[in-house]
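What you see is a predicted model; the values in this text were computed from it and never measured. Reckoned from all heavy atoms, side chains included, excluding hydrogens, waters and symmetry mates.
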Amino acid sequence: MDFRDSDKGKGVQENGQEINEIERSKIGIMRALIDREDPSAKEVDDLMIRRFLRARDLDIEKASSMLLKYLSWRRAFVPNGSISPSEIASQLTHKKLCMQGFDKKGRPIVVGFGGRHKPSDGTLDDFKRFVVYSLDKICARIPKGQEKFVCIGDLEGWGYSSSDVRGYLACLSILQDCFPERLGKLYIVHSPYIFMTVWKAVYPFIDNNTKKKIVFVENKKLRSTLLEEIDESQLPDIYGGKLPLVPIQDC
């Protein structure tokens with residue numbers, strides 16, 4: 001996997017704003033620490049280091065430990081550098097994750113259909129590989145100058161046959177520990193009442209930064225809420241927009 005989002009020697013910008021001096025200083029210290037511990041860290045760029053720093057409130061020791069753990073995990077879990085579709089064919093069959101369009105900030109829009117997830121169709125590791133495959137695809141589509149994506153979690157048709165607490169916790173762990181500061185916002189839509197039982201089990205494991213990005217949307221306010229941050233031309237057609245959804249494997 002190519003970690004280089006930008007030239008390390010140049011000023012790094014996010015949405016037109018350069019890294020501030022405090023972050024720049026801490027990035028330099030952290031780079032020296034991780035380069036000494038793991039030679040592969042030399043492929044990590046400043047933006048990635050900053051994401052891990054921000055995920056740990058700019059604590060260099062905690063962020064360094066988090067990033068080194070990620071690099072070790074990545075080598076073990078994705079030894080070939082990427083997950084191939086053939087490895088997760090059963091997960092891709094149901095087209096439970098789609099991607100199309102960008103919000104007003106230029107963040108890619110992803111739609112996940114919770115009701116299409118069937119835990120019985122594969123092992124927990126199969127699902128983890130699907131999550132990594134999907135996040136790699138999403139991050140590759142994030143344009144320069146932006147670091148995050150927006151997700152619409154659609155729970156229409158969700159029932160206990162789709163319920164997968166172990167899978168949800170695994171997905172959450174990968175997102176928070178291995179792809180920190182990538183999620184910009186999560187809209188949960190068409191949420192059935194019975195989902196709240198599962199939500200109560202998962203919620204304590206969501207870190208505070210992630211919790212702030214989650215919005216439950218009422219059905220009657222669905223289109224108007226999404227249009228606040230997504231132009232109609234970029235909104236998925238199933239929510240009254242103009243773009244048809246494309247399965248993640250076809251993006």
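Within the structure, the salt bridge (Lys or Arg N to Asp or Glu O under 4.0 Å) test picks out no pair touching residues 235-251 (sequence neighbours left out). Note on residues 195-208: pairs passing side-chain hydrogen bond (donor to acceptor under 3.5 Å, both in side chains), not counting sequence neighbours, are Asp207-Thr210.
Residue Ile152 is tested with Leu226, Ile188, Ile238 for a side-chain contact (heavy atoms from CB on, under 4.5 Å); the sole match is Leu226.
Counting only heavy atoms from C-beta outward, the side chains of Ile194 and Trp158 approach each other to under 4.5 Å. Put simply, the side chain of Phe130 does not reach to within 4.5 Å of the side chain of Ile83, judged on heavy atoms. Using a 4.5 Å heavy-atom cutoff, the side chains of Leu175 and Val131 are not in contact. Annotation: side chain of Leu222 is in contact with side chain of His190 (closest heavy-atom distance under 4.5 Å). Contact of the Leu155 side chain with the Pro192 side chain is registered, since non-hydrogen atoms from C-beta on lie closer than 4.5 Å. Using a 4.5 Å heavy-atom threshold, the side chains of Ile230 and Tyr239 count as separate.
In this structure, the separation between CZ on Arg56 and OG on Ser64 is 11.5 Å, given to the nearest 0.5 Å. Rounded to the nearest 0.5 Å, atoms CZ (Arg50) and CG (Asp45) are 10.0 Å apart. For the atom pair CD1 of Ile34 and CG of Leu67, the computed distance is 4.5 Å after rounding to the nearest 0.5 Å. To the nearest 0.5 Å, atom OG of residue Ser84 and atom CD of residue Gln249 are 12.5 Å apart. Asp59 contributes atom CG, which lies 8.0 Å from atom CG of Asp57 (distance to the nearest 0.5 angstrom).
Nearest heavy atoms, Cys151 versus Phe149: CB-CE1, 4.1 Å. Across Arg75 and Ser40, no two heavy atoms sit closer than the pair NH1-OG, 3.0 Å. Between Ile27 and Leu53 the shortest heavy-atom distance is CG1-CD1, 3.8 Å. Among all heavy-atom pairs drawn from Gly153 and Leu186, the shortest one is N-CD1, 3.8 Å. Scanning all heavy atoms of the two residues, the minimum distance from Ser90 to Asp121 falls at OG-O, 3.5 Å. Residues Lys148 and Pro108 share a closest heavy-atom pair of O-CD, 3.4 Å.
The pair Glu229-Arg107 counts as a salt bridge, with a side-chain nitrogen and a carboxylate oxygen less than 4.0 angstrom apart. A salt bridge between Lys118 and Asp164 is absent, with no side-chain N of the basic residue lying under 4.0 Å from a carboxylate O of the acidic one. A salt bridge does not link Arg141 with Asp136: every distance from a Lys NZ or Arg NE/NH1/NH2 to an Asp or Glu carboxylate oxygen is 4.0 Å or more.
Looking at Gln100, its side chain never comes within 3.5 Å of a backbone N or O of Pro236 through a donor-acceptor pair. In this structure, Asn20 contributes its side chain and Glu23 its backbone to a donor-acceptor pair below 3.5 Å. Side-chain atoms of Arg51 never come within 3.5 Å of backbone atoms of Glu181 as a donor-acceptor pair (strictly under, hydrogens ignored). A donor-acceptor distance shorter than 3.5 angstrom exists from the side chain of Thr93 to the backbone of Ala89, with no hydrogens or angles considered. Using modelled atom types, one side-chain atom of Ser224 and one backbone atom of Lys221 make a donor-acceptor pair closer than 3.5 Å. Counting only distance, with no hydrogens or angles, the side chain of Arg182 and the backbone of Glu147 share a donor-acceptor pair below 3.5 Å. Checked by atom type and distance alone, the side chain of Lys128 never pairs as donor or acceptor with a backbone atom of Cys171 at under 3.5 Å. Of the possible donor and acceptor atoms, one in the side chain of Gln146 sits under 3.5 Å from a partner among the backbone N and O of Lys105. In this structure a side-chain-to-backbone donor-acceptor pair under 3.5 Å is missing from Ser72 to Leu68. Using a distance-only test at 3.5 Å, with no hydrogens or angles considered, no donor-acceptor pair links the side chain of Ser173 to the main chain of Leu169.
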Could you go through the side-chain contact (heavy atoms from CB on, under 4.5 Å) check for Asp177 and Lys69 one step at a time? CA-CA 9 Å; Asp177 299 336; Lys69 185 177 179 181; 5.7 Å; no
Start with the C-alpha distance between Ile206 and Gln176, add both sets of side-chain angles, then the distance that settles side-chain contact (heavy atoms from CB on, under 4.5 Å), and finish with yes or no. CA-CA 8 Å; Ile206 305 175; Gln176 294 182 160; 3.8 Å; yes
Pair Arg223-Glu232, salt bridge (charged side-chain N to carboxylate O under 4.0 Å, His left out): steps then yes or no: CA-CA 9 Å; Arg223 189 169 185 273; Glu232 187 179 20; 2.8 Å; yes
So Val132 and Arg74, side-chain contact (heavy atoms from CB on, under 4.5 Å) or not? Walk me through it. CA-CA 10 Å; Val132 174; Arg74 181 96 197 182; 4.1 Å; yes
Stepwise, does the salt bridge (charged side-chain N to carboxylate O under 4.0 Å, His left out) test hold for Arg31 with Asp46? CA-CA 8 Å; Arg31 180 174 294 286; Asp46 287 354; 2.8 Å; yes
Which is it for Lys96 and Gln91 under the side-chain hydrogen bond (donor to acceptor under 3.5 Å, both in side chains) test, yes or no, and what are the steps along the way? CA-CA 8 Å; Lys96 55 189 172 186; Gln91 299 291 320; 2.7 Å; yes
Would Val246 and Cys98 count as a side-chain contact (heavy atoms from CB on, under 4.5 Å) if you check the C-alpha gap in whole Å, the side-chain angles of each, and the deciding distance to 0.1 Å? CA-CA 5 Å; Val246 178; Cys98 298; 5.8 Å; no
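Within a 6.0 Å sphere centred on NZ of Lys211, heavy atoms belonging to other residues, nucleotides or ligands number more than 12. Annotation: Phe77, atom CZ; neighbour count of heavy atoms from other residues, nucleotides and ligands within 6.0 Å is above 12.
The cationic group of Arg116 lies under 6.0 Å from the six-membered ring centre of Phe113 and within 45° of the ring axis, placing it in a cation-pi geometry. Annotation: cation-pi pair Lys62/Phe52 absent, no NZ/CZ under 6.0 Å from the ring centroid and within 45° of its normal.
Hydrophobic clustering places Leu227 together with Val150 (ILVMFWY residues linked when any side-chain heavy atoms are closer than 4.5 Å, directly or through intermediates). No single ILVMFWY cluster, assembled from side-chain heavy atoms under 4.5 Å apart, contains both Val111 and Ile142. No single ILVMFWY cluster, assembled from side-chain heavy atoms under 4.5 Å apart, contains both Phe205 and Leu124. Tracing side-chain contacts under 4.5 Å through hydrophobic residues (I, L, V, M, F, W, Y), one never reaches Phe102 starting from Leu235; they form parts of separate clusters. By the criterion of side-chain heavy atoms lying less than 4.5 angstrom apart, applied directly or through intervening Ile, Leu, Val, Met, Phe, Trp or Tyr residues, Met48 is grouped together with Ile138 in one hydrophobic cluster.
Counted by atom type alone, Thr123 and Asp125 present zero donor-acceptor pairs between their side chains at under 3.5 Å. The closest side-chain donor-acceptor pair between Tyr187 and Asp154, if any, does not fall under 3.5 angstrom.
For the side chain to side chain contact (heavy atoms under 4.5 Å, CB included) test, residues two or more places apart in sequence or in another chain that qualify with Lys137 are Tyr133, Ile248.
Relative orientation of the Tyr168 and His117 rings is tilted, given thresholds of 30° and 60° on the angle between their planes. Taking the six-membered ring where tryptophan is involved, the planes of Phe216 and Phe195 are tilted, since the angle between them lies from 30° to 60°.
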